Protein chains: 2
Amino acid sequence: MKSIGLKKKSEATREALLAAGTRLFAERGFDGASVDAIARGAKVNKAMISYHFRGKDGLYRAILAETFEPTLKRIEGLKADSRPAPERLKTFVSLFAEMVDHRPGLPAMILREVLSGGHHLDERTIPYFLAVLAAVQQIVKGGIRERSFRRVDPILTHISLIGGLVFFFATQPLRERFAREGRLPVRLPASAAYVAHFQNLMSRALQADEPLKTVRKRR
Amino acid sequence: MKSIGLKKKSEATREALLAAGTRLFAERGFDGASVDAIARGAKVNKAMISYHFRGKDGLYRAILAETFEPTLKRIEGLKADSRPAPERLKTFVSLFAEMVDHRPGLPAMILREVLSGGHHLDERTIPYFLAVLAAVQQIVKGGIRERSFRRVDPILTHISLIGGLVFFFATQPLRERFAREGRLPVRLPASAAYVAHFQNLMSRALQADEPLKTVRKRR
DNA sequence: GTCTATAGGCTGATAGAC
DNA sequence: GTCTATCAGCCTATAGAC
């Protein structure tokens with residue numbers, strides 16, 4: 001049989017390595033995750049990493065690139081979105097959460113990368129980080145211009161926004177561990193609950209002091 | 001001479017290792033920082049790590065313990081503080097910033113630790129994380145009770161708070177790099193500016209809907 | 001495309017001289 | 001307390017069989 005519709009086995013291998021790599025890089029960092037462990041996690045031979053991704057570095061960057069790409073396109077789509085800034089900000093938060101849903105380890109990888117000053121990034125992956133920054137900036141500045149947001153510093157606001165968002169997803173492993181060990185209540189917050197909480201929190205935090213519902217007279 | 005007032009050389013060695021270790025563990029993670037590099041960074045011989053801290057693990061945990069301890073005491077002092085919750089929350093943010101001032105790499109180390117689900121923590125260091133959680137919880141719940149905060153979920157609020165705070169300090173290396181490479185404006189935000197921004201942001205985000213300044217009439 | 005076997009480098013730890 | 005020298009173990013990468 002000439003295998004027309006079915007996915008090739010090599011693609012399954014690739015995908016298994018991407019998934020296992022994300023999990024292990026997220027959990028243990030670049031140096032902490034050995035290629036041996038990744039291959040074992042993907043149930044694939046070690047040598048496949050060199051074959052498909054030209055080594056450990058290549059696999060690492062491929063994970064960032066292939067996961068960021070689709071989400072980034074959607075995030076950049078927000079630039080064309082004509083709804084008011086608070087709406088677009090909420091959508092941004094939701095999009096971020098969807099990305100995480102697709103590859104749960106990504107926030108941790110992003111965070112680790114940011115922590116190390118981008119040690120493992122190259123010219124292909126750096127732009128992703130800057131593009132997210134640009135998208136948030138555009139929303140915040142737009143909101144200030146249309147007077148739905150107060151006059152916050154866009155960079156500082158960006159940091160608070162991404163920080164609060166990434167931290168939730170990245171800390172789930174620890175909360176799960178603490179819950180398992182009885183150090184925290186067993187009922188842990190779900191992603192959806194946090195997304196709603198955080199959208200609300202940021203909306204209130206950024207809201208302009210005078211909602212400008214009606215035209216004001218000089219007094 | 002019997003060296004009465006002067007610090008012993010062994011203490012200088014210890015401190016140099018703690019400082020170099022923090023910097024390298026923060027930047028490269030536990031596995032990424034080799035004992036060789038740490039010793040070189042501290043301008044001290046490799047074997048001193050085993051001698052003073054019983055190996056790499058010991059140095060790592062000593063950094064967490066010795067840096068957390070003094071700050072934690074001050075944070076726990078907040079529990080006895082009788083000022084209204086919004087004031088205490090602001091103080092919490094300031095205290096956190098002061099701790100960072102003392103050992104700049106700490107937020108990154110904390111974050112990495114949280115990311116890995118506490119892989120390198122032992123029974124002596126875990127309580128530090130839980131104590132911070134407890135302190136924030138106490139402030140948030142107090143604020144809700146005294147009606148200065150709206151009815152937010154204390155856990156979710158804790159995550160947003162710590163996330164936004166830690167993220168700023170932990171991402172400074174990346175911002176510095178991007179600034180150096182001309183990818184970001186050269187004037188980077190100072191800690192003090194972020195602290196003020198974030199205190200303001202959280203105050204507004206948590207503020208109760210009805211400030212209760214005066215008794216309201218039914219309408 | 002996949003696997004096995006192996007080469008070669010680097011890591012953390014420590015014994016023993018000072 | 002400090003240093004030098006050394007070692008066993010693990011790491012990544014790859015050559016070559018299938």
Side-chain angles (χ1 to χ4, degrees), chain A residues 1-25 27-64 109 112 116 119-120 122, chain B residues 1-64 66 109 112 116 119-120 122:
Chain A
M1 187 170 83
K2 275 189 177 171
S3 106
I4 27 161
L6 286 170
K7 283 192 176 163
K8 278 168 286 177
K9 186 170 179 194
S10 75
E11 255 182 55
T13 301
R14 250 186 87 89
E15 175 54 31
L17 283 171
L18 289 171
T22 311
R23 205 176 59 77
L24 281 159
F25 284 137
E27 206 168 289
R28 310 183 164 223
F30 183 83
D31 297 285
S34 72
V35 294
D36 218 87
I38 295 171
R40 222 179 311 122
K43 288 172 184 162
V44 148
N45 190 279
K46 213 164 66 148
M48 290 298 95
I49 292 173
S50 286
Y51 179 78
H52 284 285
F53 303 98
R54 323 165 114 260
K56 192 185 186 181
D57 294 53
L59 171 61
Y60 185 88
R61 291 195 207 101
I63 290 170
L64 288 182
M109 280 184 67
R112 283 202 140 94
S116 65
H119 251 270
H120 309 99
D122 58 2
Chain B
M1 187 171 79
K2 276 189 177 170
S3 105
I4 27 163
L6 284 171
K7 283 194 178 164
K8 279 169 285 178
K9 186 172 179 194
S10 76
E11 255 182 56
T13 301
R14 251 186 86 88
E15 175 55 31
L17 282 171
L18 289 171
T22 311
R23 204 176 60 75
L24 281 159
F25 284 137
E27 206 168 291
R28 309 182 166 224
F30 183 84
D31 296 286
S34 72
V35 294
D36 219 87
I38 295 171
R40 223 178 308 124
K43 289 174 182 159
V44 148
N45 190 278
K46 209 165 66 147
M48 291 298 95
I49 293 173
S50 286
Y51 179 78
H52 284 284
F53 302 98
R54 324 164 114 260
K56 192 185 187 181
D57 294 52
L59 171 61
Y60 185 89
R61 291 196 207 103
I63 291 170
L64 288 183
E66 298 190 12
M109 280 184 67
R112 284 201 138 95
S116 65
H119 251 271
H120 310 98
D122 59 1

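What you are looking at is a predicted structure, and each value in this text was computed from that prediction instead of being measured. So you know, we letter chains A, B, ... as the sequences are listed, proteins then strands, and number each from 1.
Using a 4.0 Å cutoff to heavy atoms of chain B, the contacted part of DNA chain C runs 5' to 3' from dG12(C) to dT14(C).
Counting only Watson-Crick or G-U wobble pairs whose defining distances are both under 3.5 Å, the stems of 3 or more consecutive pairs in DNA chain C are C:1-18 with D:1-18.
Counting only residues at least two apart or on different chains, the salt bridge (Lys or Arg N to Asp or Glu O under 4.0 Å) pairs with a member in residues 34-47 of chain A are Asp36(A)-Arg40(A), Asp36(A)-Lys46(A). Among residues at least two apart or in separate chains, there is no ring-ring contact (aromatic ring centres under 6.0 Å, His included) pair with a member in residues 39-58 of chain B. Within the structure, salt bridge (Lys or Arg N to Asp or Glu O under 4.0 Å) pairs that include any residue of residues 50-60 of chain A comprise Asp57(A)-Arg61(A) (at least two apart or interchain).
Put simply, CG on Leu24(B) and CD1 on Ile38(B) are 6.0 Å apart, with the number rounded to the nearest 0.5 Å. Separating the CD1 atom in Ile63(B) from the CZ atom in Arg23(B) is a distance of 11.5 Å, to the nearest 0.5 Å. For the atom pair Glu11(A) CD and Leu18(A) CG, the distance stands at 10.5 Å (nearest 0.5 Å). Taken to the nearest 0.5 Å, the CZ atom of Arg112(B) stands 14.0 Å off from the NE2 atom of His119(B). Note: Met109(B) CE to Thr22(B) OG1 = 6.0 Å, rounded to the nearest 0.5 Å. Distance CZ/Arg28(B) to CG/Asp31(A): 8.5 Å, rounded to 0.5 Å.
Using a 30° and 60° split on the angle between ring planes, Phe30(A) and Tyr60(A) fall in the perpendicular class, above 60°.
DNA chain D lies under 4.0 Å from at least one heavy atom of each of the following residues of residues 26-57 of chain B: Asn45(B), Ala47(B), Met48(B), Tyr51(B), His52(B).
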